[in-house]
Amino acid sequence: MGPKKGTKAYREEYIQVVYGISRETKTVRSVYVQRNGVLSSMNRDGTSIRHPIKPGWTAEREAGLIFGLTDTFMTPVGLSSDEFTKRRLAELEAKAHAMRDEELSG
């Protein structure tokens, strides 16, 4: 059971995950969506980034713009280790790998 409604923990609970390929690093990155409409992710240097979702925007669209993600898909946190999600992540990893290879050879 999750945090009690009305608490800070409830408002900041992660409810969804947006996965996508970073345009900068050509690696798969995850961005978490909090119940209160804030995106949260970790940089490679370990610093945390939080960004509110603009009214009328989807979490996927905002994550793509703010975190430079392409080929995004979103899943509930509870299904992040589901077989379907694992398959989609493997496809995303393969595409990111191909993008890195193309960048190195081009």
Side-chain angles (χ1 to χ4, degrees):
M1 199 161 128
K4 186 177 177 183
K5 274 190 173 183
T7 64
K8 180 179 178 185
Y10 180 80
R11 289 188 304 277
E12 293 182 353
E13 179 181 24
Y14 296 137
I15 57 170
Q16 294 177 310
V17 186
V18 178
Y19 296 101
I21 299 173
S22 167
R23 287 183 184 96
E24 180 186 343
T25 63
K26 310 294 188 275
T27 57
V28 174
R29 183 171 183 172
S30 56
V31 177
Y32 290 86
V33 182
Q34 295 176 321
R35 189 177 302 279
N36 61 1
V38 173
L39 298 175
S40 180
S41 189
M42 189 82 63
N43 276 334
R44 290 183 301 185
D45 65 3
T47 58
S48 179
I49 299 174
R50 294 169 41 96
H51 183 82
I53 301 170
K54 292 180 184 174
W57 283 46
T58 65
E60 259 185 284
R61 182 177 177 194
E62 190 83 16
L65 179 68
I66 298 303
F67 297 98
L69 302 181
T70 185
D71 298 280
T72 59
F73 76 93
M74 190 163 59
T75 186
V77 168
L79 297 179
S80 60
S81 60
D82 178 76
E83 287 305 314
F84 180 74
T85 303
K86 287 179 184 178
R87 232 181 353 265
R88 297 242 357 233
L89 278 171
E91 291 168 4
L92 214 54
E93 290 282 359
K95 185 169 184 175
H97 184 72
M99 290 168 76
R100 287 191 304 273
D101 285 350
E102 184 179 304
E103 193 174 80
L104 290 174
S105 66

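This chain uses plain numbering: 1 for the first residue, then up along the sequence. Side chains are part of it too, since the values below use all heavy atoms of this structure and drop only hydrogens, waters and symmetry mates. The shown structure was predicted, so the numbers you read here are calculated from the model rather than taken from an experiment.
A donor-acceptor distance shorter than 3.5 angstrom exists from the side chain of S105 to the backbone of D101, with no hydrogens or angles considered. Distance alone, capped at 3.5 Å, places no donor-acceptor pair between the R35 side chain and the E13 backbone.
Enclosure of atom OH in Y32 is not indicated, since only 12 or fewer non-hydrogen atoms of other residues, nucleotides or ligands lie within 6.0 angstrom. Enclosure of atom CD in E12 by more than 12 non-hydrogen atoms of other residues, nucleotides or ligands within 6.0 angstrom is indicated.
With no hydrogens or angles considered, a side-chain donor-acceptor pair links R29 and S41 at under 3.5 Å.
Residue T75 comes nearest to S80 through the heavy atom pair CG2-CA, 4.3 Å, listed as atom of the first residue, atom of the second, then distance. The two residues S48 and S40 make their nearest non-hydrogen contact at OG-OG, 4.2 Å. In terms of heavy atoms, Q16 sits closest to V77 at N-CG2, 3.5 Å. The two atoms that bring Y10 and K4 nearest to each other are CB-O, 3.2 Å, heavy atoms only.
Atoms NZ and CG, on K95 and D71 in that order, are 3.5 Å from each other to the nearest 0.5 Å. Interatomic distance, OG1 of T72 versus CD of E62, reported as 12.0 Å (0.5 Å rounding). To the nearest 0.5 angstrom, M99 atom CE is 5.0 Å from K26 atom NZ. Rounding to the nearest 0.5 angstrom, the gap separating the OG1 atom in T7 from the CZ atom in R11 is 6.5 Å. Between atom OG1 of residue T47 and atom CE of residue M42 there is a gap of 8.0 Å, rounded to the nearest 0.5 Å. Within the model, atoms CG of L69 and OG of S22 stand 6.5 Å from one another, a figure rounded to the nearest 0.5 Å.
Residues I66 and I21 fall into different hydrophobic clusters, defined by Ile, Leu, Val, Met, Phe, Trp and Tyr side chains chained together at heavy-atom separations under 4.5 Å. When the side chains of ILVMFWY residues are joined at heavy-atom separations under 4.5 Å, either directly or via intervening members, I53 and V17 end up in two distinct hydrophobic clusters. Taken together through direct or relayed side-chain contacts under 4.5 Å among Ile, Leu, Val, Met, Phe, Trp and Tyr, Y14 and V28 form part of one hydrophobic cluster. There is no path of hydrophobic side-chain contacts, each under 4.5 Å, that joins V38 to I15. Side-chain heavy atoms closer than 4.5 Å link hydrophobic residues (I, L, V, M, F, W, Y) into clusters, and following such links, possibly through other members, connects W57 to M74.
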* Step-by-step side chain to side chain contact (heavy atoms under 4.5 Å, CB included) determination, F67 to V18 -> CA-CA 11 Å; F67 297 98; V18 178; over 6 Å; no
Got a list of side-chain donor-acceptor pairs under 3.5 Å for residues 82-90, not counting sequence neighbours?
unit_1	atom_1	unit_2	atom_2	d
D82	OD2	F84	N	3.0
T85	OG1	L79	O	2.9

